[in-house]
Structure formats: structure tokens, C-alpha cells
Amino acid sequence: MSVRHFLTLLDLSPEELRAVIQRAQELKALRSQGVRPAIFSNQVLAMIFDKSSTRTRVSFESAMVESGGAAIFLSPRDTQLGRGEAIADTARVLSRMCDAIMVRTFSHDAAETLAKFSEVPVINGLTDSFHPCQLLADMQTYFERRGDIKGRKVAWIGDGNNMCNSYINAAQQFGFALSIATPIGYEPSQFANVSSSVELDYSHRPEQAVINADLVVTDVWASMGQENEAEKRHELFHRFQVSEALLSKARSDVLFMHCLPAHRGEEVDAKVLEHPKSVVWDEAGNRLHAQKALLELLLHGTTG
Ligand code: CP
Ligand code: NVA
């Protein structure tokens with residue numbers, strides 16, 4: 001069997017994605033009963049982090065440790081990657097010592113190179129272009145609160161960034177309609193590859209995008225690596241804050257998500273994060289369960 005990678009949501013079939021989410025829900029239920037199956041017994045995940053992380057690091061590391069395995073945190077400061085060792089060489093070396101590799105880095109091409117030369121599964125833990133693991137947790141959270149997202153409407157408000165690109169992929173794989181509102185010039189790069197099957201609406205008007213939305217999502221205005229653009233972006237993006245007033249224009253049973261970390265008073269009003277419609281804490285917690293299910297599929301070819 002050839003090795004499977006997870007660099008974007010398009011690397012799994014729609015059926016596999018749904019099976020991963022169902023398995024994540026099973027593993028979550030088992031964990032709440034105190035049962036943590038040893039599905040990664042004696043297995044090791046290497047985790048390369050070229051950017052900061054709280055949720056991604058802790059959820060992957062906990063997923064491995066809770067399931068009988070281990071995770072190794074690798075930062076450029078302490079590894080030869082930081083001194084210029086080639087990604088292709090690193091991939092071949094880690095493949096001989098670890099069962100899977102997770103990578104958080106800047107260029108998506110670097111993650112693709114890692115996968116090309118790796119003999120074990122490579123998982124994208126965020127690149128400048130995509131954040132597919134977050135989408136697994138977001139979809140799990142929607143399914144557990146509201147049931148199937150197929151045929152529903154999602155509104156993406158703010159920057160057309162890595163998360164927005166992954167929402168476009170999710171719309172294709174899960175069959176929901178997507179309305180995106182960004183400032184002019186901040187449209188998602190994934191527009192170039194949108195499948196004709198995706199029901200996509202794009203504007204610069206957040207008030208229009210949220211109408212009839214079942215789920216409203218936003219993210220920071222300046223992503224990691226864009227710190228020097230933050231000031232300019234704050235001026236351009238201020239109309240794109242998710243406020244209580246904006247959320248009230250969506251469906252009455254709308255959910256609000258944000259991958260976190262959040263910047264209160266910028267992309268989201270502090271009250272929205274704590275609003276009854278906000279599910280951001282469950283969304284973050286579900287990273288643990290969704291990634292266990294993903295690892296199980298990639299390492300063992302099964303979803304339970
Ligand atoms: N949402 C997310 O990926 O968070 P971290 O940057 O803390 O990993
Ligand atoms: N778009 C954000 C997501 C952080 C989890 C970033 O790339 O910094």
C-alpha cells in the first residue's frame with residue numbers, strides 16, 4: 001500500500017473525511033468514559049514547527065501519548081533544518097526513525113517536498129496556504145452540534161488566508177455553500193482552483209455574506225509571517241470584524257467558529273467569542289480527537 005499524506009482536505013475522499021469525523025466522535029465519547037485505546041502503541045510522530053503553536057502542538061502530542069505512542073517536537077532552532085539541511089534529506093532520515101511526520105511551516109511547497117521524499121505519512125499542521133487539520137475539528141464541531149453540514153451555508157469573514165483556502169476545500173468535500181467576504185485585494189489564492197461543484201459567493205460585504213448563514217467563521221487579520229503588515233491590515237479590515245450585530249444577521253441558530261488564537265477587538269468582538277452561539281472552545285478541543293482519527297487512518301488504514 002502506498003503511503004498516504006494529508007497536505008490538504010483534497011488528499012482524502014469525501015467518504016474518508018466523514019469516516020474520520022465519525023471516528024473522532026467515537027474516540028471523544030470513549031475518552032469521556034475514561035477509555036483511551038492504545039491505537040498508536042510504540043509509534044512515534046515527528047513534529048516540525050517552523051512557526052509558533054499552542055493547539056496544534058499540544059493536540060498532536062497528547063493524541064500520541066494518550067494512545068500509547070510518543071511525539072518529538074522539532075524546531076529549527078535546535079535541528080539541522082535551521083542550519084540549512086535540505087527538507088528532502090530530513091524527510092528521508094525522519095522516515096527511518098518515525099512512523100509519521102507533522103509539519104508546520106511557511107511555504108506549502110516545502111510541505112509538498114517533505115511528503116515527496118518521506119516514506120511515512122506527512123500531515124500539514126499549517127502552511128501559508130492551508131490548515132486542513134483545523135477543518136477536521138471545525139467539521140466535527142459542526143456535526144456534533146447541528147448534524148450534517150451538507151447543504152448548509154458557511155460565511156467566511158476577513159482575510160482570504162490559509163484557513164479560508166481550507167474552507168473552500170471543505171465546501172467541495174462536505175457539500176456546503178460558502179460565502180466569502182474579504183477586503184479588496186485579500187481574496188483567497190485557492191480561487192484559482194475552485195471546483196465547479198462548489199457553491200461559492202464572493203464579495204467585499206460581510207453583511208451580505210452572513211445572511212442565512214448556518215456557520216460564521218473568521219480568523220486573524222495578519223497571519224504568522226505577516227506581522228509587518230499588521231498595521232496596514234488593521235486599517236483595511238476594520239469593517240470585517242465579527243460583532244454581535246453582524247452575527248445577528250445570520251440564521252437564529254447560527255454557530256460561530258474561530259481557529260484561535262483570537263485578537264479580541266480586531267477580527268472578533270470579545271462578546272462574540274463568549275456568546276452562546278460561539279463554539280470556539282469545543283472547536284479547539286476537538287483538534288485532539290479529529291487528529292487521533294486522522295492518524296489512525298494514515299497509519300493503520302482504518303477509521304475504527
Ligand atoms: N488553531 C491553531 O492551529 O492554533 P495553534 O497556532 O495554537 O496551533
Ligand atoms: N491564519 C492563522 C492561523 C493560525 C492558527 C495563521 O496562519 O497565523
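Counting begins at 1 with the first residue of the sequence. As the structure is a computational prediction, the values presented were derived from the model and not from experiment. Just follow the structure's listing: the first ligand is 1, and inside any ligand the first atom is 1.
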Legend entry - Residues K153 and E199 bridged, charged N to O under 4.0 Å: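 The answer is no: the pair does not qualify as a salt bridge.
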Legend entry - Under-4.0 Å heavy-atom contact with ligand 1, by part of L260 that carries it: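 The answer is the backbone of L260.
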Legend entry - Side chain, backbone, both or neither: the part of R57 lying under 4.0 Å from ligand 1 by heavy atom: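 Neither; no heavy atom under 4.0 Å.
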Legend entry - Closest non-hydrogen atom pair between E283 and T141, with its separation: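 Answer, listing the atom of E283 first, then T141: CA-OG1, 3.3 Å.
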Inset, instruction - Measure the distances from the heavy atoms of R104 to every atom of ligand 1 and state whether one is below 4.0 angstrom. - result: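 Yes; R104 lies near enough to ligand 1 that a heavy-atom distance drops under 4.0 Å.
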Legend entry - Short N or O distance, K51 and ligand 2, threshold 3.5 Å exclusive: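 No.
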Looking only at protein heavy atoms, which one is nearest to [atom], and what is the separation?
atom                   : value
atom 4 (O) of ligand 1 : R55 NE, 2.8 Å
atom 3 (C) of ligand 2 : D219 OD2, 3.6 Å
atom 4 (C) of ligand 2 : L126 CD1, 3.8 Å
atom 8 (O) of ligand 2 : M224 N, 2.8 Å
atom 7 (O) of ligand 2 : N162 ND2, 2.8 Å

Legend entry - Residue pair V120 / D99, side-chain heavy-atom distance below 4.5 Å: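 They are not in side-chain contact.
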Inset, instruction - Would you check if the distance from the ring center of F176 to the ring center of Y142 is below 6.0 Å? - result: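 Distance test on ring centres: not under 6.0 Å, no.
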Legend entry - is_close_aromatic(H204, Y202), centroid dist under 6.0 Å: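 Here the rings of Y202 and H204 have centres that are less than 6.0 Å from each other.
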Inset, instruction - Please determine if C259 has a nitrogen or oxygen closer than 3.5 Å to a nitrogen or oxygen of ligand 1. - result: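 Min N/O separation from ligand 1 is below 3.5 Å for C259.
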Inset, instruction - For a salt bridge (Lys or Arg N to Asp or Glu O under 4.0 Å) with R145, tell me which candidate from D282, D253, D138 qualifies. - result: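 So, applying the salt bridge (Lys or Arg N to Asp or Glu O under 4.0 Å) to R145 and each of D282, D253, D138, only D282 qualifies.
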Legend entry - Contact check, L260 vs ligand 2, heavy-atom distance below 4.0 Å: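 In this structure, L260 qualifies as a contact of ligand 2 - some heavy atom is under 4.0 Å.
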Inset, instruction - Considering the heavy atoms of T54, write down every atom of ligand 1 situated less than 4.0 Å from one of them. - result: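 Ligand 1 atoms under the 4.0 Å threshold to T54: 5 (P), 7 (O), 8 (O).
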Inset, instruction - Check ligand 1 against R287 and write out every atom of the ligand that is under 4.0 Å from a heavy-atom position of the residue. - result: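 Atoms satisfying the 4.0 Å criterion: 1 (N), 2 (C), 3 (O).
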Inset, instruction - Just let me know how D159 lines up against ligand 2, side chain, backbone, both or neither, with a heavy-atom cut-off below 4.0 Å. - result: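 Answer for D159: neither.
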Side-chain donor-acceptor pair under 3.5 Å between [X] and [Y], yes or no?
X    : Y    : answer
S129 : N165 : no
N161 : Q226 : no
H289 : E144 : no

Legend entry - Atoms in ligand 2 with a heavy atom of N161 nearer than 4.0 Å: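 The list of qualifying atoms is 1 (N).
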Inset, instruction - Would you please classify the geometry between the F143 ring and the F174 ring as parallel, tilted or perpendicular, with 30° and 60° separating the classes? - result: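 Taking F143 first and then F174, their aromatic rings stand perpendicular (interplane angle over 60°).
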